[in-house]
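Beneath this line is the structure, given in structure tokens, with notes to follow.
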Amino acid sequence: MRLLLPICLLSFILPVSSTAQLLSGTVRDSSGASLPFSTLLIKGSARGVTANNEGGYAIHLEPGDYTIVCEHVGYAKVEKRIHITADQTLDFKLQPQQLSVHELVIKTTDEDPAYDIIRHAIKMRLVYLKELESFRCMVYSKGKAGLYQTPQRFMGQKIPTDTNYIGKNTTIYMSEVVARYAESPPDKQRVEVISTKVSGQSNGYGATIPYIVSFYHDIVELGNMNPRGFVSPIASGALHYYKYKLVGTYFEDGRLIDQIRVTPRRLYEPCFNGTIEIVDGQWRIHSTDLVLLKTAQLQLLDTFHFQQLYEPLDNDSAWVMRSQVGYFSFNLFGFAGGGSVANIYSDFELHPDLPKGYFGNATLEYDKGSNKKTSSYWDSIRPVPLTVAEARDYHKKDSLEKIQESPAYLDSVDRANNRITPLGLFLTGININHQKSHVSINMSPLPSAVGFNTVEGWYGHLNVDYRKGFGRESLELDPDVRYGFSNRRFGGSLLARYRFSQKYATLVEVAGGRTVFQYDNNEPISPQLNSVYTLFDVANYEKLYEATFFKARFAREIGKTGLNLSIGGEYQDRSQLVNTDTATYFVKYRKQPGFTPNFPIVPVPLGKALSFTLTAVWKPGMKYIEYPESLVPLGSKYPTFALSYTKGVNAFGSDADYDKWRFSVRDDLNLKIGGLFKYNVAVGGFLNDRHADFVDYNHIQGNQTQAASTYLETFQLAPYYLYSNTDRFYATGFAEHHFAGLLTNKIPGFRQLNWYLVGAVNYLYLSDGRTYTEVSAGLENIFKLLRVDYLWGLPSDGTVRNGIMIGVKIGP
């Protein structure tokens with residue numbers, strides 16, 4: 001199970017000379033409890049370290065006199081003078097910040113003085129937002145997360161209760177990362193990972209989250225915790241979302257600091273609870289100690305506790321982030337656990353002189369060999385000693401990895417995992433892996449291996465997926481064998497695909513055979529769903545024909561441009577299929593009207609067709625994670641553009657002679673507190689249709705079942721093939737707005753369900769004058785899984801359709 005968040009602990013990288021002495025100790029509060037991720041600075045320098053999650057710290061210093069400054073959010077800063085001549089221990093005990101309400105001049109009597117402070121902070125928000133709009137710094141990260149509870153079974157499989165991984169204080173993920181992090185306006189970011197280490201994965205790349213979360217933004221975005229983001233306590237409209245109370249004030253380094261408690265005005269708003277500290281007079285953030293709960297509409301986590309600490313960089317001219325720590329917990333499907341996310345920033349350069357082209361499309365880059373550093377390297381640069389549990393985790397998992405790579409161990413794992421169980425046959429199919437040879441064989445589960453339709457009756461369908469890895473290259477073979485028991489016809493095909501090892505994704509695939517196809521080769525209805533409707537509703541929506549075919553395709557990613565090109569050709573020798581006697585007997589048994597004929601609308605002639613298709617898909621501004629050997633796309637703030645052109649060729653016995661095109665634009669627009677707006681607009685048509693089989697028409701996706709088909713691509717109430725056309729021009733538009741908790745969070749009782757409103761409008765225009773409009777309203781995130789819509793269909797002929805659609809949709 002993929003973990004939701006790694007934890008990151010950030011410090012400074014300090015060279016260690018032969019004469020350096022070790023200063024170490026612990027940081028605790030007045031009760032003796034450890035203060036994790038406390039920061040320790042050498043006064044008068046930019047050097048420092050951060051304590052580990054047990055409050056322990058260590059730093060190498062040359063002999064001499066030093067003043068060590070120790071601080072933690074919510075505690076009074078402590079300074080200690082020390083003379084270093086040999087290895088020494090220096091412990092710190094921090095007291096909770098002593099607050100006074102007498103230091104502040106109260107200017108109003110009708111409201112808490114915190115409101116006046118917050119108004120000043122809101123006015124200065126943009127000033128301090130720009131203060132850190134261009135910088136570069138260094139990062140040391142250490143991440144850790146663990147599980148303390150698992151269910152006995154999940155998805156029908158027994159969960160092993162291995163005490164090495166399950167327990168209150170155990171670790172299932174830990175990594176360290178050294179990186180250089182830079183930002184530049186308006187939204188340029190770059191992370192260069194210099195070295196990385198993952199416990200138990202010698203070839204792994206540790207996850208790092210060095211990005212500074214700025215509460216100077218109106219909306220604070222925290223990954224996928226909530227698509228709407230969270231309202232900052234000093235956002236321009238924060239007074240409509242929060243209540244404020246001045247807890248007290250204190251002096252630190254001659255500055256008056258105001259501590260303000262913030263609470264949401266209403267439950268189930270995307271807001272924080274906790275405290276924010278403001279530097280009085282400057283009205284800038286000093287620190288934050290804020291919590292998000294389920295009532296803040298967290299999507300996957302139960303809680304997220306967030307702490308930040310700023311410090312002046314140079315004589316108060318600018319303040320930079322010193323530390324940023326988050327603690328999280330989750331409980332999903334019986335898996336309970338948690339961890340923390342921590343960053344400590346160092347060596348800030350404001351407005352650095354960076355070379356031209358420094359910010360490219362790769363926002364996260366891993367240097368070659370970054371995951372090959374030795375243990376001695378990590379021991380030399382690790383400024384914070386590992387805890388006993390962390391050292392044990394590294395040793396144990398690194399040792400286990402060597403054992404797990406041995407041929408004997410791999411064989412034993414394969415024997416255990418390759419067992420065929422009745423439950424597996426129905427849910428996951430047969431999955432056989434041979435790790436030593438990098439071979440996997442997968443067969444479909446039984447429910448998808450059998451089915452019923454009107455032309456084959458009961459049919460058997462055996463699909464096998466064979467994969468062989470060659471380092472970063474792979475060969476995939478996908479044979480498919482089919483037999484119809486009513487029409488007594490065998491069919492079969494073979495797909496071969498080879499993926500190349502180039503940094504930019506490249507593949508070549510060929511396929512051929514004789515088998516059945518839906519008239520719309522994009523399969524508007526799945527065979528399994530059609531079987532259900534055929535058997536229980538006497539409806540044959542899956543219109544089939546048979547063809548001997550051969551096709552080939554080449555696809556390539558073009559550099560780091562966000563552009564993907566593919567070119568392919570296909571030949572089909574098509575023949576019609578008709579309903580068989582089995583279907584007739586079944587109708588008589590059910591005493592139902594007969595099945596409709598196996599034609600989309602009316603009988604259509606079929607022949608031989610040869611066609612070639614060129615497709616370009618471009619997402620400008622695409623961002624990437626760049627590994628030494630590969631790229632992983634991250635997305636872009638711009639829409640995705642797609643253009644395809646298909647040419648039917650009258651040659652080699654083919655009757656085809658047509659030209660058609662299609663252009664589409666789609667995007668997801670995050671309106672933050674307003675929700676998520678998605679759209680998909682397409683235009684296309686035939687430049688000529690001198691000869692085009694019905695198979696080659698422009699097929700408008702419809703749906704006649706109550707199971708929702710692909711959103712933003714399908715008219716959910718339109719009959720299949722009703723709007724298939726060879727028009728010179730057509731246009732489709734799909735738009736959805738996902739409210740993501742907006743409005744429903746105002747309904748008492750209902751808001752606890754965390755079900756979200758969604759609305760949609762779909763539109764079709766054909767050049768022959770026909771139009772079709774669909775409007776829907778629904779709820780999603782039902783049990784974190786389902787979406788239910790009520791739809792109205794409005795064709796241009798004046799008839800009205802309506803119905804309920806149920807779909808599987810996790811989040812917006």
Side-chain angles (χ1 to χ4, degrees), residues 1-11 34-39 49-55 72-74 137-148 169-179 181 183 189 191 193 196-199 204-215 217 220-226 229-230 232 272-274 287-294 296 298-310 321-332 335-346 363-364 384 386-387 389-390 393 625:
M1 177 178 177
R2 184 179 178 183
L3 292 175
L4 304 174
L5 291 171
I7 73 167
C8 302
L9 175 63
L10 179 79
S11 298
S34 62
L35 288 175
F37 307 123
S38 299
T39 58
V49 294
T50 183
N52 62 25
N53 63 320
E54 293 182 354
H72 190 281
V73 175
C137 66
M138 289 300 297
V139 179
Y140 172 87
S141 304
K142 181 168 66 177
K144 188 167 67 173
L147 284 174
Y148 54 80
N169 298 311
T170 58
T171 301
I172 61 173
Y173 178 88
M174 183 168 67
S175 73
E176 295 177 275
V177 169
V178 175
Y181 168 40
E183 286 191 8
Q189 294 177 330
V191 179
V193 176
T196 177
K197 177 180 176 66
V198 182
S199 180
Y205 291 94
T208 178
I209 310 175
Y211 307 105
I212 289 175
V213 175
S214 176
F215 283 88
H217 286 289
V220 178
E221 297 184 61
L222 295 172
N224 59 359
M225 294 187 195
N226 186 333
F230 302 93
S232 167
F272 296 88
N273 281 275
S287 58
T288 63
D289 190 0
L290 300 166
V291 178
L292 292 170
L293 305 172
K294 274 295 185 183
L298 283 175
Q299 292 289 297
L300 298 173
L301 301 179
D302 287 346
T303 62
F304 187 72
H305 184 187
F306 202 62
Q307 295 179 327
Q308 290 180 316
L309 182 63
Y310 284 84
M321 187 73 68
R322 168 61 182 168
S323 65
Q324 179 175 278
V325 184
Y327 306 89
F328 63 89
S329 66
F330 61 88
N331 192 333
L332 291 171
F335 292 90
S340 58
V341 181
N343 297 314
I344 310 299
Y345 305 90
S346 66
T363 60
L364 177 58
V384 180
L386 296 174
T387 65
E390 290 168 349
D393 185 78
I625 297 176

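Computed from heavy atoms alone, side chains included, the values below leave out hydrogens, waters and symmetry copies. Counting begins at 1 with the first residue of the sequence. These numbers come from a predicted model, not from an experiment.
- A pairwise comparison of heavy atoms in V177 and G206 identifies CG2-O, 3.8 Å as the closest pair.
- Side-chain contact between T196 and V178 is absent, with no heavy atoms from C-beta onward closer than 4.5 Å.
- Within the 4.5 Å cutoff, the side chain of L147 has heavy atoms near those of the F330 side chain.
- Between the CG atom of N273 and the CG atom of L290 there is a distance of 8.5 Å, given to the nearest 0.5 Å.
- Nearest heavy-atom pair across V139 and P210 is CG2-CB, 4.1 Å.
- To the nearest 0.5 Å, the span separating CG on L309 from OG on S287 amounts to 6.0 Å.
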- After noting the C-alpha distance and the side-chain angles of K142 and E390, does the key distance pass the side chain to side chain contact (heavy atoms under 4.5 Å, CB included) rule? CA-CA 11 Å; K142 181 168 66 177; E390 290 168 349; 3.0 Å; yes
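- Taken to the nearest 0.5 Å, the CG atom of L222 stands 5.5 Å off from the CZ atom of F304.
- Considering only heavy atoms from C-beta on, F306 stays 4.5 Å or farther from L292 through its side chain.
- Between N53 and F37, some side-chain heavy-atom pair lies under the 4.5 Å cut-off.
- In this model, a donor atom of one side chain and an acceptor atom of the other lie less than 3.5 Å apart for T303 and S329.
- Residue C137 holds its SG atom at 8.5 Å from CD of E183, rounded to the nearest 0.5 Å.
- Here F230 pairs with F272 under the ring-ring contact (aromatic ring centres under 6.0 Å, His included) rule; sequence neighbours left out.
- With contacts defined as side-chain heavy-atom distances shorter than 4.5 Å, the pair S323/N343 does not qualify.
- Here the side chain of Q308 pairs a donor or acceptor atom with the backbone of V213 at under 3.5 angstrom.
- A distance of 11.0 Å separates CD in E176 from NZ in K144, rounded to the nearest 0.5 Å.
- Residue K294 comes nearest to Q299 through the heavy atom pair NZ-O, 4.2 Å, listed as atom of the first residue, atom of the second, then distance.
- Using a 4.5 Å heavy-atom cutoff, the side chains of M225 and L301 are in contact.
- The ring-ring contact (aromatic ring centres under 6.0 Å, His included) check on Y205 picks up Y366, Y627, with sequence neighbours excluded.
- Remark: the backbone N or O of V198 is not paired with any side-chain donor or acceptor of S175 at under 3.5 angstrom.
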- Item | Candidate pair V325 and V341, rule side chain to side chain contact (heavy atoms under 4.5 Å, CB included), full reasoning | CA-CA 5 Å; V325 184; V341 181; over 6 Å; no
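- With a 4.5 Å cut-off on side-chain heavy atoms, D302 and F328 do not count as touching.
- The CZ atom of R322 sits 13.0 Å away from atom CD of Q324, with the distance rounded to the nearest 0.5 Å.
- For an aromatic pair to be called close, the ring centres must be under 6.0 Å apart, and Y211 with Y181 satisfies this.
- Under 3.5 Å, the side chains of N52 and T387 contain no donor-acceptor pair of N or O atoms.
- Applying the side chain to side chain contact (heavy atoms under 4.5 Å, CB included) criterion to Q307, with sequence neighbours excluded, gives H72, V73, D289, H305, Y327.
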